[in-house]
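Basis for what follows: all heavy atoms, side chains included, without hydrogens, waters or symmetry-related copies.
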Amino acid sequence: MSTYLGSSNTDPHRRDYRPAWLDNLAEDATMEASVLNGIVEGAHAVREILAYARTLYDYQEFNYVGTYGEHGFVEDYTSRGHGEPIGSVVIVRYNDAGLAQHVIINHRPLRSVLLWSRLMAEHFANTPYAEYFLSPELAQEVLEPDTTS
């Protein structure tokens, strides 16, 4: 079974998870993700983008949440959003002060990554964050390429 599909058991589906590291970001925190073009810089920007992204999940079904090495934290979960399955692995690296410094989010499968980026682009249109996401036009072109040429 594909890991991004999750299980058919709805008991572990969480809708209330809020990672502690999100409230513990370094002011110069960075975030990279499959759905992003470029690297988001600054705690405020990371929080703003993740606040909306979290609303796209119908639930989160966690495979693992916990420490990773001496200065890290990891989340491995599956979900659904807008009818599409999505799997995510989040790696958080802490700085020497114990603040979340780098956030890296890997999503799968590609179709869901493109959908997520398009939805984020629509939400953040006409804001400073719009540049980080796939434009609706480009997302549509990628999902349904013109094969007539």
Hits for salt bridge (charged side-chain N to carboxylate O under 4.0 Å, His left out) against Glu75, two or more places apart or cross-chain, chain-then-number order -> none
Are any of the side-chain heavy atoms of Ser88 and Tyr57 separated by less than 4.5 Å? yes
Would you mind reporting whether Arg118 and Phe133 have side-chain heavy atoms less than 4.5 Å apart? no
Are [X] and [Y] grouped together when hydrophobic residues (ILVMFWY) are joined by side-chain heavy atoms under 4.5 angstrom apart?
{"X": "Val92", "Y": "Ile105", "result": "yes"}
{"X": "Trp21", "Y": "Phe62", "result": "yes"}
{"X": "Val89", "Y": "Tyr59", "result": "no"}
{"X": "Val65", "Y": "Ile91", "result": "no"}

Does Ile86 offer a backbone N or O that forms a donor-acceptor pair with the side chain of Ser79 under 3.5 Å? no
Just by modelled atom types, is the Leu134 backbone N or O under 3.5 Å from a matching donor or acceptor in the Ser117 side chain? yes
With sequence neighbours left out, what residues match Tyr129 under ring-ring contact (aromatic ring centres under 6.0 Å, His included)? Phe124
Restricting to non-hydrogen atoms, name the atom on Ala130 and the atom on Ala125 that form the minimum distance, rounded to 0.1 Å. CB-CA, 4.1 Å
In terms of heavy-atom contacts, Pro85 and Pro109 come closest through O-CD, 3.6 Å
Of all pairs that satisfy salt bridge (Lys or Arg N to Asp or Glu O under 4.0 Å), the ones with a partner from residues 20-39, not counting sequence neighbours: Arg18-Asp23
Could you name each residue pair satisfying side-chain hydrogen bond (donor to acceptor under 3.5 Å, both in side chains) that touches residues 64-74, not counting sequence neighbours? none
Within this structure, what is the NE2-CG distance for the pair His82 and Leu119, rounded to the nearest 0.5 Å? 4.5 Å
Spacing of CD belonging to Gln60 relative to OG1 belonging to Thr78, to within rounding of 0.5 Å: 9.5 Å
For residues 33-52, which side-chain N or O atoms pair as donor and acceptor with protein atoms under 3.5 Å away, sequence neighbours left out?
| residue | atom | partner | partner atom | Å |
| --- | --- | --- | --- | --- |
| Ser34 | OG | His107 | N | 3.0 |
| Arg47 | NE | Leu22 | O | 3.1 |

Those residues that, when tested against Asp16, pass side-chain hydrogen bond (donor to acceptor under 3.5 Å, both in side chains) (two or more places apart): Arg14
Measure centre to centre between the rings of Tyr77 and Tyr17, then say whether the value is under 6.0 Å. no
